[in-house]
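Computed from a prediction, not measured in an experiment: that's the story for all the values here. Residues: numbered from 1 along the sequence shown. First listed ligand is number 1; within each ligand, the first listed atom is number 1.
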Amino acid sequence: MKAAVVTDFTQPLELQDRPIPEPGLGQVLVRMETCGLCHTDIHAAHGDWPVKPTPPFVPGHEGVGVVDRVGEGVTVRDVGDRVAIPWLGHACGRCDHCVSGWETLCEQQQNSGYSVDGAFAEYAVADADFVVTVPDAVSPRDAAPLTCAGVTTYKAIKVAGVRPAEKVAIFGVGGLGHLAVQYARIVGGIVVAVDVDDTKLELARSLGADHTVNAATTDPVAAIEALGGIDVAVVTAVIPAVFEQAFAALRRGGRLVCVGLPPETDGPMSLPIFPTVLKGISVIGSIVGTRQDLTEVFELHAAGRTTVVAEPRKLDQVNESIADVLAGRTPARLVFEF
Ligand code: ZN
Ligand code: ZN
């Protein structure tokens, strides 16, 4: 089978012909139909983050495909099921995080395309209990971006506890942000989209943003204050200064939800203590979402509540696709089709 493999953090991905993996105990073998390209895959390929994957490995955690074989002991999946392979490839199911509905915080977790091989390949094995059913009403091309970009921003809106008519700013309208705008709308938020690219801002408006702010041509904090401030900021950008701008634009009682992950070398964000205390600000980190969250994301999409903006690519184009994402030359998401 064809697979895109990271052999070295300083080298482009290598297209290799690998044997089709065997599904082990409790695993399924999935014949991939699509896999989205997430910024995390690029950070993985470059070894940008403190905990690094170990080359050689296959990235990809927005995998969607059909179960081709089931391993020993699998009772919950059948051959022919369409499933998604998300970032949360496995969690222990027994720790306090897992049993309290926070499997995404499990310390024993495995991550698809990072600690275990992912879906930039014609086939991938995955834990049968951690793949998520893709309903027939959701196309494989749409399902891929929903599997990480969708669930991650859906969860961010959930943890922000947005109430109807609250003002919600989405910083960064890319693969994640274009979906965050829509989830913020679904829960009744008045949405402000912030980006440095007018094309992205137009996209945000077409997806339901009430206001847009171009942070390249105006001071986003002043522009948001002119709109009356925001109650919630969801930051999908990967620049520490943007987190600081988002914080500064919050009203009293506001919540800053941190989603984007800058490279470690970009340093920390600074958090001024006085306004945090006096304005009663909450700073919340939000990492992907659970299997239940992803099921809800698919249900919303099947019900016609969300629109996925994605462009198909072939796996052979993996390196040029990464270059296109880094240069901002892409629509919201790129999706490899097999
Ligand atoms: Zn991702
Ligand atoms: Zn656990």
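- At least one N/O/S atom of His61, from backbone or side chain, sits under 2.8 Å from the Zn ion (ligand 1).
- With respect to the salt-bridge test (charged N to carboxylate O, under 4.0 angstrom), the residues Arg313 and Asp324 qualify.
- Taking the Zn ion (ligand 2) as the apex, the angle formed with SG of Cys98 and SG of Cys106 is 110°, to the nearest 10 degrees.
- Vertex the Zn ion (ligand 1), arms ending at SG of Cys38 and SG of Cys148: the angle is 130° after rounding to 10 degrees.
- A cation-pi geometry, defined here as NZ or CZ lying under 6.0 Å from the six-membered ring centre and within 45° of its normal, does not hold between Lys155 and Trp87.
- Contact annotation: His97 places no N, O or S atom under 2.8 Å from the Zn ion (ligand 2).
- Side chains of Gln16 and Thr7 form a contact here, defined as non-hydrogen atoms less than 4.5 Å apart.
- With respect to Arg329 and Glu320, no salt bridge is recorded, no charged nitrogen being found less than 4.0 Å from a carboxylate O.
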